[in-house]
Structures are given as structure tokens and as C-alpha cells.
Amino acid sequence: MKPNYKELLNAITTFVFDVDGVFTDSSVLITTSGELLRKMSVRDGFAVKAALSAGYRICIISGGTNEGVRQRLQALGVTDIFLGAGHKEEVLRDYMEDYQVSRGEMLYMGDDIPDIPAMRYAGLVTCPQNAAPEVKAISDYISHLNGGEGCVRDIIQQVMRVQGKWEDFFSAAND
């Protein structure tokens with residue numbers, strides 16, 4: 001039996017996130033010119049910046065290919081962004097090897113069936129409240145928040161709080 005997810009938070013050094021359905025609400029708005037638009041939470045962005053400044057690694061693995069998504073994440077400071085990932089588990093295995101990240105150090109948040117193979121590599125498997133039932137069934141933690149509505153911040157904040165880094169971030173920001 002796996003330990004309670006809270007017992008696993010202290011070992012996390014690396015966050016891996018899907019984009020659509022995690023950073024977004026899974027909706028795609030289509031303009032008359034065919035441009036695809038997505039909405040992301042600025043609160044999730046704040047937490048990403050806090051995590052990066054505290055020394056955590058953040059990796060984005062998405063099947064989507066929207067360059068606007070890449071630009072938004074890069075603006076937050078994320079450098080490990082893998083878009084167009086048809087086989088997310090292969091990308092994740094390479095990432096783990098390149099950065100020498102163990103399963104126990106890694107948290108993965110995904111929301112749908114294409115995430116499942118990669119999620120199985122993580123020591124802590126998480127998902128938004130509105131994730132697919134198959135993803136919820138394998139998750140150690142299901143956020144009380146939906147994708148695009150703060151679930152990224154929820155899990156980053158929990159990890160940083162357990163490790164005493166959330167309050168440190170605010171102390172440094174207020175100095």
C-alpha cells in the first residue's frame with residue numbers, strides 16, 4: 001500500500017505538468033481566423049514562479065503544439081517545455097535520465113488518458129478535480145480545484161509549505 005500523499009510531499013524536487021486540462025480548463029476557443037485560444041490562471045503562474053525561484057525543477061510535457069503556450073510558460077521562467085509529445089512517457093524517461101531525477105522526487109499532474117503512461121513513472125501522481133475517471137483512479141491526490149482554476153498552485157503550494165519554502169518565498173518577496 002502506498003503511503004498517504006502528504007508523506008510524499010517532502011521529497012519532491014521536480015514538478016511535471018501537462019498543459020491542456022491542467023493549466024487550462026480543457027476548452028479551446030476558436031477564432032474566425034482559426035486561431036486556438038486557451039485561458040490560464042495567473043495564480044498558477046505565480047506559483048510556478050515561486051517554485052522556480054525556490055529551486056524546484058518544472059517540466060511541461062504536452063501533446064499540444066501551441067507556441068503561445070510555450071511563450072507563456074517561458075515568460076514564467078520555465079525552460080523544460082516539451083510540446084507535441086506523442087509519447088509522454090518517453091519524454092519523461094529521457095528527462096529523468098538527463099536530470100538524474102528519481103521517481104520519489106517527482107510529482108506529475110495530468111488530467112486525461114494520454115497522461116497515464118507517464119504518470120506511472122512519478123512518485124506522486126496528482127490530477128485536477130475534473131480529470132478523467134481513469135486518471136483519478138491512479139492518482140495519489142486529486143485537487144479540489146479544476147484544471148485552469150488553480151490546481152497547479154494547489155499542489156505547488158502544498159509541496160512548498162511542507163518543505164518550509166512557501167513562507168520563505170513571501171519573506172524574500174517582502175524584503
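As a basis for the values below, the full set of heavy atoms in this structure was taken, side chains included, without hydrogen atoms, waters or symmetry mates. Index from 1, following the sequence.
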Any donor-acceptor N or O pair under 3.5 Å, side chains D154, S143: yes
Aromatic Y56 / basic K165 pairing, under 6.0 angstrom, 45° off normal: yes
Given the rule that I, L, V, M, F, W and Y join up when any side-chain heavy atoms are under 4.5 Å apart, are M160 and L145 in one cluster? no
May I ask you to test the L92-F82 pair for a side-chain heavy-atom distance under 4.5 Å? no
With no hydrogens and no angle check, do the side chains of Y108 and D18 hold a donor and an acceptor under 3.5 Å apart? no
Distance col, row N146:CG vs S41:OG, nearest 0.5 angstrom, shows 12.0 Å
Distance (rounded to the nearest 0.5 Å) between E7 CD and L124 CG: 11.5 Å
Is I58 linked to L76 within one hydrophobic cluster, defined over Ile, Leu, Val, Met, Phe, Trp and Tyr using a side-chain heavy-atom separation of less than 4.5 Å? yes
Please say yes or no: joined through hydrophobic side-chain contacts below 4.5 Å, possibly via intermediate residues, are V28 and V69 part of one cluster? no
Can you confirm if the aromatic rings of F17 and F23 lie within a centre distance of less than 6.0 Å? yes
Any donor-acceptor pair under 3.5 Å linking the side-chain atoms of Y121 with those of R93? yes
Single-linkage hydrophobic cluster V159~W166, side-chain heavy atoms < 4.5 angstrom: yes
Are any of the side-chain nitrogens in D115 or K88 under 4.0 Å away from the carboxylate oxygens of its partner? yes
Going by an N to O cut-off under 4.0 Å, is there a salt bridge joining R120 and E89? no
Is there a side-chain contact between C127 and V135, using heavy atoms and a 4.5 Å cut-off? yes
